Amino acid sequence: MEISGIIMMFIGAVLLALPLGRYIGKIYSGDRTWADRLFNPLDKAIFKFSGIDPSREMSWKQHLAALLTINLLWFFFSMFVLMNMSWLPLNPDANPSMSADLAFNTTVSFVSNTNLQHYSGETGVSYLGQLVLMLFQFISAGIGMAACAVVFLAMREGTTGKLGNFYHFFVKSCTRVLLPLSIAVAVILLVNGTPMTFKGKDQFVSLQGDTVHVSRGPAAAMVAIKQLGTNGGGFFGVNSAHPLENPNYVTNIVENIAIILIPIAMIFALGYILKRKRFAWMVFGVMTVGFLLLLIPSIYQESAGNPAIARMGISQPMGSMEGKEVRFGSVASAFWAITTTATSNGSVNAMHDSLTPLTGMFAMLGMMINAIYGGVGVGFLNFYIFIIIAVFISGLMVGRTPEFLGKKVEAGEMKIAAMIALLHPLLILAGTALSSYLYAHNPEVYASWLNNPGSHGFSEMLYEYTSSSANNGSGFEGLGDNTPFWNISCGIVMLLSRYLPIIGPIAIAGMLSAKKYVPESAGTLKTDTATFGIMVFAVIVIIAALSFFPALSLGPIAEYFGMK
Amino acid sequence: MKQHIIPAIRLTIACILLFMVAYPTLIFLIAKAAPAGGEGQTVVANGRTAGYLLEGQSFTWDRYFQGRPSAAGYNAAGSSGSNKGPSNPDYLKMVRDRIDSFVVHNPTVQKGEIPSDLVTASGSGLDPDISLKSAIVQVSRIADVRKLPREQVMLLVQRSVEKSINGIEKINVLTINIALDQLSKEK
C-alpha cells in the first residue's frame, strides 16, 4: 500500500513530464505554443522595460558574460536585504538581521540554487527576507534552465556559433514554466491548509494550559517554487516535515512530484529540440536505472527499522520513525530523501541525520553523482560532462577520433570535461578533510559542531560539503553549522560548484558547435543505443563510486557494520 | 561585461515586480478563499481556541492521549527534529528511558506492543498525529484514569481513525483529546 503510493508519484511525474518537456522544447526552439497569447504580452513588457532585444543572437561567451553579470548583481542585492532586514518592512516577529558570514552563506546558497540554510526560517529571517529568497528561487532556477537551453541549442545540427539570446531563455523559463506551475502548486497547498498571511505569530493556550506561540507567514507561495525549481529552501526550519509546509499525504504527493517534474521534463525537451527522441530515452533510461539503484535499498532500510531499537524489544510496524512524520511514513520519506538528493532539490520531509546509515549513504551518493535527473537545467549539464567523457573513452577503445552528434571531441573539450568532473570530488573531499582535521585536533574547541559521536559525526561533515558542492541544500542538520568556518567554507564551495559546472559545459558545447559537421558513417559511435547508455553509466560509477568510496566507508558504511 | 550591466539591473527590477510582488500578492488573494483565509486552521473547544488543527501540542498528563516525543518541545515557533543518528548511544538511552517510562504509566501494556512512533521524536517536533496502534496501547490507561469503560474509549479511537491514501492509519491527537474531554463531561 505504501509502495503503491510512491509508484504512483513516479509514474505521475513521468506522465506530466512528457507533455511539459515538449512544451519546454517548443519554447526554446522558438516554436509556437498554446500559451503564447497569454505570455507574449507579459514577456514583451519585461523586455521593453529592461531595454533588451530578445532576438539578438549571442555566442557562448556572450551568454556566459550575461549570466555572470546578472548573478553578481543579485549577490549584492541579497547581501543588502539579509543584513538589514531587522529595520526593513514586513518584519512582524522582529527577527534580527544576519551576520556578515551568515548573509554571505545564505546569499550564495540562494543565488546558486542550493538553498543550504544555516538559519531557521521561523527566527532567522523576516517576511521580506523570505520574499527575497523566494525571488531567487525563481530566478536561480531560470538561470539553470537558460544555461541548459544554450547547450541544447549548441548540440543541434547545423548551429554554428549563434546560440540564441540568453535573456530570452531566462525570462521565458521563469514566466512560462516556473510561474504557472508555482501558481498551481501553491493553490493546492492553500486548499490543504498551508498558510499565506503577512500576520505575525499567533498565540493560544493549549488543553493542558500552556501558552503556545505559532509561527505563520507567506509560506504557500514559497513552498511551491522551492519544490519546483530544485531549490529546497523551506519557509519553516524543518522544511516539508513541518505540518504547515506539508499538511498531508496529498500535498506530499504534489510536492514530491514537483521535485522531479522539471528535471525529467528537461530530458524530453532535449529530445524535442534535437529531434532525437531515442537519445532522450537513452538519457532517461540511464538516469532511471541509477535512481532505482539508490531508491530500492533505501526503502528497504527505512522500512526495516533501526536494529538498535529492535533490540529493545518494542515493535517497529512503521519502520524507522526517528525524524519522520506519521502522516508520511517510512516509505514515502525514503522516496523523498532519494528524489531530493538525486535532483539537487534539498527539501526534506524527514530529518536526514536520523536516517538509517545506508539510506544516508544513498542520499549522499545521489548528490555525489548529481546527474540523476539533477537540478533544473544543471542536472543535464552534469550529465553532459559524463557523456563527453564516455564518448572520449569509447573513441579510444575503438581507436577512432571520438565524435559526438557529428562533431569531433578533441583535447580542448576533454580538458574542460575532466576538470569539471574532478572538481566535485575535490571540493567535497578537501572540505571534509579540512574540517575533520580541525575537529580531530581540537575536539573541545569544536565540540559544538557535531551532534553525534563516531562515524556518524564524520558523516555529518561529509554530508554538508557534499550537499554544498552538489548545490543541494539538504543537511545532516545536527551539524552546528552557523559558525564563520562553516558559513564561509560552504559558501566558497557552493560558489565554485555552481558556476564552474555551468561555464564548462557551455564552453564545450559552444566550441563543438563552431566545428565542422562530420556526416555520420558506418564507423560513427551511436549515442542513442543501450550499449552507449551502459558506457555512460560505467563512467558515472567509476567517477562517483571510486572517488567517494573511501570517505563513505569511514562514515555510513562503518556505522552500518558497527550497528550489526 | 559592461554592456550587460544596465539590462541586468532593469531585468532584476522587472523580476522583483513580477515574482516578489505580483506573484505573492496573487497567492495571498487566492488564500482569502482557502480554509481560515490562509491564516492557519484553528480548533475551538469550550468556546476558545485550543490549538492549530495541523500542529501537534504537548500532552503529558495521563488523562490525555500523548503525542510523539518532540525535540522542539512542541514549540510551534521553532520547529526542529532531534537530528540524532541511529547509532548514537545517548540517543538510544533516551529511547530506552521513554520505553521504561511508558511501561510505568501503562502497566497493562507489554513492551512488544509499544509501536516505535510513540518513543521516537518526529521530524518537525510538531507531528499532530500518532499511529492507530499508538492510540490503542494508551486506551486502558486513559479509561482507568478517567473512569470510563474501556470499550467507550476504544470506540472513540475507532471513530477518530483517519486512513490516508498511503494506507497509514493515524489519529490526530488534539482532536481526539478534545473529544475525550467531551466524553468525560457527558458522563
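Every chain is numbered from 1, with letters handed out A, B, ... down the list of sequences. All values derive from a computational prediction rather than experimental measurement.
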Practice problem: Please flag which part of A:F170 lies under 4.5 Å from any non-hydrogen atom of chain B: side chain, backbone, both or neither. | Solution: side chain
Practice problem: Taking A:Q301 for its side chain and A:T356 for its backbone only, find out whether a donor-acceptor pair lies under 3.5 Å. | Solution: no
Exercise. Under 4.5 Å heavy-atom distance to chain B, tell me which part of A:A350 shows up: side chain, backbone, both or neither.
Key: neither
Quiz item: Can you check whether B:K84's main-chain N or O pairs, donor with acceptor, with B:N88's side chain at less than 3.5 Å?
Solution: no
Self-check item: Proximity breakdown for B:L18 and chain A, heavy-atom pairs closer than 4.5 Å
Solution: side chain
Quiz item: Looking at A:S320, A:G121, A:G305, A:G313, which makes the most heavy-atom pairs under 4.5 Å with chain B?
Solution: A:G313
Quiz item: For A:G237, does its backbone N or O pair with a side-chain atom of A:E477 as donor and acceptor, under 3.5 Å?
Solution: no
Practice problem: Assign the ring pair A:F138 / B:F19 to parallel, tilted or perpendicular, where the plane angle (0 to 90°) is split at 30° and 60°. | Solution: parallel
Quiz item: Relative to chain B, which segment of A:E559 carries a heavy atom at a distance below 4.5 Å: side chain, backbone, both, or neither?
Solution: side chain
Quiz item: Which atoms of A:M134 come close to chain B, meaning under 4.5 Å heavy atom to heavy atom: side chain ones, backbone ones, both, or neither?
Solution: side chain
Quiz item: Side chains of B:T60 and B:Q66: do they bring a donor and an acceptor to under 3.5 Å?
Solution: no
Quiz item: For the candidates A:E322, A:Q316, A:M196, A:M222, which exhibits the highest count of non-hydrogen atom pairs separated by less than 4.5 Å from chain B?
Solution: A:E322
Quiz item: By a 4.5 Å heavy-atom criterion (distance strictly below it), what part of A:S354 contacts chain B: side chain, backbone, both, or neither?
Solution: both
Quiz item: Going by atom types alone, do A:H456 and A:D353 pair a side-chain donor with an acceptor below 3.5 Å?
Solution: yes
Quiz prompt | Which atoms of A:L189 approach chain B - backbone, side chain, both or neither, heavy atom under 4.5 Å | solution = neither
Practice problem: Taking all heavy atoms of A:M351 and all of A:A241, pick out the closest pair and write down the distance. | Solution: CE-CB, 4.0 Å
Quiz prompt | chain B contact via A:P218 - which portion, at a heavy-atom distance below 4.5 Å | solution = neither
Self-check item: Side chain, backbone, both or neither of B:S134 within contact of chain A (heavy atoms, under 4.5 Å)
Solution: neither
Quiz prompt | Partner chain B: residue of A:I46, A:V205, A:L42, A:V171 with the largest heavy-atom pair count (under 4.5 Å) | solution = A:V205
Quiz item: Using a cut-off of under 4.5 Å for heavy-atom pairs, which of B:P86, B:P7, B:G38, B:G56 has the most such pairs with chain A?
Solution: B:P86
Exercise. Taking A:S330 for its side chain and A:M318 for its backbone only, find out whether a donor-acceptor pair lies under 3.5 Å.
Key: yes
Quiz prompt | Contacting moiety of A:V191, where chain B heavy atoms sit under 4.5 Å | solution = backbone
Quiz item: For B:E39, which residues count as a salt bridge (Lys or Arg N to Asp or Glu O under 4.0 Å) partner, sequence neighbours excluded?
Solution: A:K199
Quiz item: Side chain, backbone, both or neither: which part of B:I114 has a non-hydrogen atom closer than 4.5 Å to chain A?
Solution: both
Practice problem: Sort A:E460 into side chain, backbone, both or neither according to what part of it lies under 4.5 angstrom from a heavy atom of chain B. | Solution: side chain
Quiz item: Side chain, backbone, both or neither: which part of B:A36 has a heavy atom under 4.5 Å from chain A?
Solution: neither
Quiz item: Considering only heavy atoms, which portion of B:R63 lies under 4.5 Å from any heavy atom of chain A: side chain, backbone, both, or neither?
Solution: neither
Quiz item: Is a side-chain N or O of A:N306 found less than 3.5 angstrom from the main chain of A:A308, in a donor-acceptor match?
Solution: yes
Exercise. Name the region of B:I16, side chain, backbone, both or neither, that has any atom closer than 4.5 Å to a heavy atom of chain A.
Key: both
Practice problem: Would you check if the side chain of B:E113 reaches a backbone N or O of B:Q110 as a donor-acceptor pair within less than 3.5 Å? | Solution: yes
Practice problem: Output the option from B:G81, B:P69, B:S82 having the highest count of non-hydrogen pairs under 4.5 Å with chain A. | Solution: B:S82
Practice problem: Against chain B, label A:K201 side chain, backbone, both or neither, depending on which of its atoms sit under 4.5 Å from a heavy atom there. | Solution: side chain
Exercise. Would you mind checking if B:R146 and B:D181 are paired as a salt bridge, meaning a charged N to carboxylate O distance below 4.0 Å?
Key: yes
Quiz item: Given a strict heavy-atom distance threshold of 4.5 Å, which part of B:K133 is in contact with chain A: side chain, backbone, both, or neither?
Solution: side chain
Quiz item: Which bit of A:V212 comes within less than 4.5 Å of chain B, counting heavy atoms only: side chain, backbone, both or neither?
Solution: side chain
Self-check item: Residue, of A:T194, A:V348, A:T123, A:I309, that accumulates the most heavy atom pairs under 4.5 Å with chain B
Solution: A:I309
Practice problem: With a 4.5 Å cut-off on heavy-atom pairs, point out which of B:L92, B:I30, B:I13 contacts chain A the most. | Solution: B:L92
Exercise. Without swapping roles, check the side chain of A:N246 against the backbone of A:H242 for a donor-acceptor pair under 3.5 Å.
Key: no
Practice problem: Please determine, among B:A77, B:G167, B:A31, the option with the most heavy-atom pairs under 4.5 Å with chain A. | Solution: B:A77
Quiz item: Contact part of A:V132 toward chain B, heavy-atom cut-off under 4.5 Å: side chain, backbone, both or neither?
Solution: both
Exercise. Would you mind telling me which of A:H352, A:K324, A:M8 has the largest number of heavy-atom pairs within less than 4.5 Å of chain B?
Key: A:K324
Quiz item: With respect to A:N192, which candidate in A:T251, A:N248, A:N252 satisfies the side-chain hydrogen bond (donor to acceptor under 3.5 Å, both in side chains) definition?
Solution: A:N248
Quiz item: Is there a side-chain contact between A:N239 and A:E245, using heavy atoms and a 4.5 Å cut-off?
Solution: yes
Quiz item: Does any heavy atom of chain B fall under 4.5 Å from the side chain of A:I139, the backbone, both, or neither of them?
Solution: side chain
Exercise. Test salt bridge (charged side-chain N to carboxylate O under 4.0 Å, His left out) on B:E162 and A:R327 and set out the steps.
Key: CA-CA 10 Å; B:E162 301 163 36; A:R327 61 192 181 283; over 6 Å; no
Quiz item: Side chain, backbone, both or neither: which part of B:S79 has a non-hydrogen atom closer than 4.5 Å to chain A?
Solution: both
Quiz prompt | Residue selection (most heavy-atom pairs with chain A, distance under 4.5 Å) from B:R96, B:R68, B:R48 | solution = B:R68
Practice problem: Name the member of A:G5, A:G329, A:S4, A:P317 that forms the most heavy-atom pairs with chain B at distances under 4.5 Å. | Solution: A:P317
Self-check item: Which of B:A45, B:S164, B:S58 touches chain A most, by non-hydrogen pairs under 4.5 Å
Solution: B:S58
Quiz prompt | Which portion of B:D90 sits near chain A, non-hydrogen atoms under 4.5 angstrom | solution = neither
Quiz prompt | Part of B:I99 lying under 4.5 Å from any heavy atom of chain A | solution = side chain
Practice problem: Please indicate whether B:K32 has more than 12 foreign heavy atoms, meaning atoms of other residues, nucleotides or ligands, lying under 6.0 Å from its NZ. | Solution: yes
Quiz prompt | Test of ring centre spacing under 6.0 Å for A:H213 and A:F204 | solution = no
Quiz item: Which bit of B:Y23 is near chain A, if near means a heavy-atom gap under 4.5 Å: side chain, backbone, both or neither?
Solution: side chain
Practice problem: Would you mind checking which part of B:Y64 comes under 4.5 Å of any heavy atom in chain A, side chain (CB onward), backbone (N, CA, C, O), both or neither? | Solution: side chain
Quiz item: Within the side chain of B:N166, is there an N or O that forms a donor-acceptor pair under 3.5 Å with the backbone of A:I3?
Solution: no
Quiz prompt | Check: B:Y52/A:D202 side-chain N/O donor and acceptor closer than 3.5 Å | solution = yes
Practice problem: With a 4.5 angstrom heavy-atom cut-off, could you sort out which part of B:Q41 is near chain A: side chain, backbone, both or neither? | Solution: side chain
Quiz item: Centroid-to-centroid, A:F198 to B:F28, below 6.0 Å?
Solution: yes
Quiz item: Salt bridge check: are B:D144 and B:R150 linked by an N-O gap of less than 4.0 Å?
Solution: yes
Practice problem: Tell me, for A:L73 versus chain B, whether the close heavy atoms (under 4.5 Å) come from the side chain, the backbone, both or neither. | Solution: side chain
